[in-house]
J.: 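For reference, the structure I am asking about is given below.
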4 protein chains.
Amino acid sequence: MFSAALDAFSTNGFNGASMREIATRAGTSLSNLYNYVPAKADLLAHVLKRANDDLLAALRAALETAGDPASDRLRAVVSAYVLWSARQQTAGVVAISEFRYLEGSLREAVVEARDRTQQLFTDIVESGVASGEFHTPYPHEAARNIVLLCAALANWYHADGRRTPEQIADEQAHLALAMVQSPLE
Amino acid sequence: MFSAALDAFSTNGFNGASMREIATRAGTSLSNLYNYVPAKADLLAHVLKRANDDLLAALRAALETAGDPASDRLRAVVSAYVLWSARQQTAGVVAISEFRYLEGSLREAVVEARDRTQQLFTDIVESGVASGEFHTPYPHEAARNIVLLCAALANWYHADGRRTPEQIADEQAHLALAMVQSPLE
Amino acid sequence: MFSAALDAFSTNGFNGASMREIATRAGTSLSNLYNYVPAKADLLAHVLKRANDDLLAALRAALETAGDPASDRLRAVVSAYVLWSARQQTAGVVAISEFRYLEGSLREAVVEARDRTQQLFTDIVESGVASGEFHTPYPHEAARNIVLLCAALANWYHADGRRTPEQIADEQAHLALAMVQSPLE
Amino acid sequence: MFSAALDAFSTNGFNGASMREIATRAGTSLSNLYNYVPAKADLLAHVLKRANDDLLAALRAALETAGDPASDRLRAVVSAYVLWSARQQTAGVVAISEFRYLEGSLREAVVEARDRTQQLFTDIVESGVASGEFHTPYPHEAARNIVLLCAALANWYHADGRRTPEQIADEQAHLALAMVQSPLE
DNA sequence: AATGAATGAGAGTTCATTCAT
DNA sequence: TATGAATGAACTCTCATTCAT
């Protein structure tokens, strides 16, 4: 049911998707949808919250197995984010494009999850600068750029492209390290 | 009338904006809108086409006064794009988010304009690599990333922020040069 | 609901009748109408299909109790058609005037029903000619004329006229027999 | 301009044809239409009046060259009407189907013209009965039937059919004479 | 947990008509 | 005579949501 909503939102956008369409995709009746969710906006909120939590979990898991150096950690989270964007592409697309239609308290919960994700990258970049690994004069901006690029991948990635998600992850990790001015062999 | 549509689309999205709202913003009646535009989709197409053309013109103008080195040219187009995104923020937002709702032949015209913009960046990065100025092993991917970051600025820039558009332009130019692995003093 | 549509179509024509009007006549709301019928065109199709099927059933029933001679059978179907046109006048009017607004596959179903009705008359007239009862040199044309006249009755009949439907049926049967050149006492 | 209206009405019906469409067909602008005609209804009235007058003139002309016997006169007017229906088919179609949308004083003028046409046929049939040429017991009904059949021709005639209008005229004249029970060789 | 019927608001679009020029 | 801009009402149809069962 939530995945039906996710698909519908990713295809037609929040305003372009109808509750009827979502119900049909979910294989149930329109009215039954309202036994699970009080309103359309809650569907979006749930979907976005879940996507962000899932992403955050993936990033944290990647960090746990990463080495100490900031470059290792940055490589790990970038890779993890890229792979997540490729595998959860519809969720990624919706997270990017439909967040703006969230309102009220539902919005705040999602904002918080996003902020935590952003903070995770910022921390890594700043610690790298502090330790002398990275030499960028703009750690905060670089971190934001890196997150934006990882997220944007959901918009342009095609599963049938000629590069695997793993290759793309390597490329993006390299480009991220370049952006923070980490020495590259 | 087109600026009314632009505002409406940027505020509520293509599907969230109504022709009635656009007409009101434009200071005319709903039915009179249809004396100028055959359908809502054409409003979007016109607005997107104009934004892309305007951006492309700004980029080309910046290139004309730039020096020969690829780093100078990259700095010039990144700066120009960032400034455009800050100044034409609503157009930038709509260009990013609502492009997906374009269909048919209207879509193709906009796709072409976007491709030309992208090509402009790709050409610079590749020439920089060829001349030995840039050392990135991923010129194509770096160019895409740079364009994405310039465009994304429209989504997060706040006019009342503590940094001026010019400062942001300098930062982003620096980060772009770092990403293509250009020597930075 | 279908009878509401029938009334509306007969009064104002297909294009002149509005879905709102039909909903009001049916005692429900405009939007609820669309829970039963996907589009206005389907209302017309349903109404026409039903009218034609009903008519065809009446004609066949009349044939079953008719004697063997072609003149008896022709008299029977003309009578039955005339009575049907008088009693189902609104259906008759709509069947004549609004058929032209049917499109696509819905149209074909109705065309088929009409063809069957026509064929029924043609068969009788041709068999009468073959058996020597009728002497018209134009059986096919005569049969079409007869059907047209029976149908047209819905357009001019007035319930408060001075002749009963049964009298009119007798007259029209007589005139039909005259047209096919059957001996009249 | 009136012929543009005629075409539009015959194709889409009175309610289905728009003033814009009529203007376009006439090769002028929508607003200029209103320099010639005060309202859409007047377009219909004019077109119908003209068609009926034209038909009536054709029938009277046919009568002038016809012989004295009622059968000759009936043959003449039926032929003339059939030929008119075939040649002025669109006018004939509109005269049949769209008359119902006429209202008010415009309607009366057209009703009068139609009545005169009907009367012309009734007079002939009744005189034939009086003179002993026709033996129908239902002269009035026969006359109405004949007029209906002549008019209906506009609905089913196809110019590319295998019979010429003249042949059809002969057939219909024969069938009309049969209906009024005139001796046929 | 599930359904079909119902609703009022609103969507995009077209209508016949008018007005200023 | 001719135009393009303008208008308010109406169009078909869809919306998110509710209710009775």
Side-chain angles (χ1 to χ4, degrees), chain A residues 1 5 8 12 14-24 26-44 101, chain B residues 1 5 8 12-24 26-44 101, chain C residues 1 5 8 12 14-24 26-44, chain D residues 1 5 8 12 14-24 26-44 101:
Chain A
M1 193 183 73
N12 300 336
F14 176 69
N15 280 311
S18 76
M19 290 297 269
R20 260 193 170 80
E21 177 195 355
I22 295 171
T24 302
T28 181
S29 72
L30 168 61
S31 25
N32 195 30
L33 217 53
Y34 285 88
N35 285 325
Y36 297 89
V37 144
K40 191 184 176 187
D42 295 83
L43 268 180
L44 179 60
Y101 299 111
Chain B
M1 193 182 70
N12 300 329
F14 177 68
N15 280 313
S18 78
M19 289 298 270
R20 279 180 172 79
E21 175 196 355
I22 295 171
T24 302
T28 181
S29 72
L30 169 61
S31 41
N32 195 31
L33 211 53
Y34 285 88
N35 282 328
Y36 298 90
V37 157
K40 191 185 179 187
D42 294 82
L43 269 179
L44 179 60
Y101 299 112
Chain C
M1 193 182 71
N12 300 330
F14 177 69
N15 281 312
S18 79
M19 289 298 268
R20 265 190 173 80
E21 175 195 355
I22 295 172
T24 301
T28 182
S29 71
L30 168 61
S31 41
N32 195 29
L33 209 53
Y34 284 90
N35 283 328
Y36 298 90
V37 157
K40 191 185 178 186
D42 294 81
L43 269 180
L44 179 60
Chain D
M1 192 183 73
N12 301 345
F14 176 68
N15 280 311
S18 77
M19 291 296 269
R20 261 192 170 81
E21 177 195 354
I22 295 171
T24 302
T28 182
S29 73
L30 169 61
S31 25
N32 195 30
L33 217 53
Y34 286 88
N35 285 325
Y36 296 89
V37 145
K40 192 184 177 188
D42 295 84
L43 267 180
L44 179 60
Y101 299 111

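Just so we're on the same page: letters track the sequence lines, and every chain starts at 1.
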J.: Would you kindly give the CG-to-P distance between B/L30 and E/dA16, to the nearest whole Å?
T.: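 From B/L30 CG to E/dA16 P: 17 Å.
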J.: Hey, does D/M1 have a side-chain heavy atom less than 4.5 Å from the side chain of D/T28?
T.: no
J.: Specify the separation, in whole Å, of atom CG of A/N32 and atom P of F/dT17.
T.: 15 Å
J.: Contact class for D/A17 (heavy atom, under 4.0 Å): base, sugar-phosphate, or nothing?
T.: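 Touches sugar-phosphate only.
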J.: Under 4.0 Å, heavy atoms only, any strand: does D/S31 hit a base, just the sugar-phosphate, or nothing?
T.: base
J.: Calculate the interatomic distance between A/M19 atom CE and E/dA6 atom C1'; express it in whole Å.
T.: 17 Å
J.: Would you mind reading off the distance between B/E21 atom CD and E/dG12 atom P, rounded to a whole angstrom?
T.: 9 Å
J.: Rounded to whole Å, please give me the gap between CG in C/N15 and C1' in E/dT14.
T.: 13 Å
J.: How many angstroms lie between atom CG of C/D42 and atom OH of C/Y34, to the nearest 0.5 angstrom?
T.: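 Those atoms lie 10.0 Å apart.
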J.: Roughly how far, to the nearest 0.5 Å, is CG of B/L43 from CZ of B/F14?
T.: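 Answer rounded to 0.5 Å: 8.0 Å.
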J.: How many angstroms lie between CG in C/N15 and CG in C/N12, if you round to the nearest 0.5 Å?
T.: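 Answer for the CG-CG pair, C/N15 versus C/N12, is 11.0 Å.
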J.: Can you find a side chain N or O atom of B/T28 that sits less than 4.0 Å from OP1 or OP2 on F/dT7?
T.: yes
J.: In whole Å, what is the span from the CZ atom of A/R20 to the P atom of F/dC15?
T.: 7 Å
J.: Are the side chains of D/L33 and D/K40 in contact, using a 4.5 Å heavy-atom criterion?
T.: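 Answer no - side chains too far apart.
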J.: Expressed as a whole number of angstroms, how long is the span from B/M1:CE to F/dA6:P?
T.: 10 Å
J.: Which value, rounded to the nearest 0.5 Å, describes the distance between A/M19 atom CE and A/L30 atom CG?
T.: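 Between atom CE of A/M19 and atom CG of A/L30 there are 7.0 Å.
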J.: Among residues 33-42 of chain B, which residues get a heavy atom nearer than 4.0 Å to DNA chain E?
T.: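 Heavy-atom contacts with DNA chain E come from B/Y34, B/A39, B/K40.
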J.: Expressed as a whole number of angstroms, how long is the span from D/N12:CG to E/dC15:C1'?
T.: 14 Å
J.: Think B/S18 has a side-chain N or O under 4.0 angstrom from the OP1 or OP2 of E/dA11?
T.: yes
J.: Under a cut-off of 3.5 Å for both distances of each Watson-Crick or G-U pair, what dot-bracket string does DNA chain E give, using [ ] for crossing pairs and | for inter-strand pairs?
T.: .||||||||||||||||||||
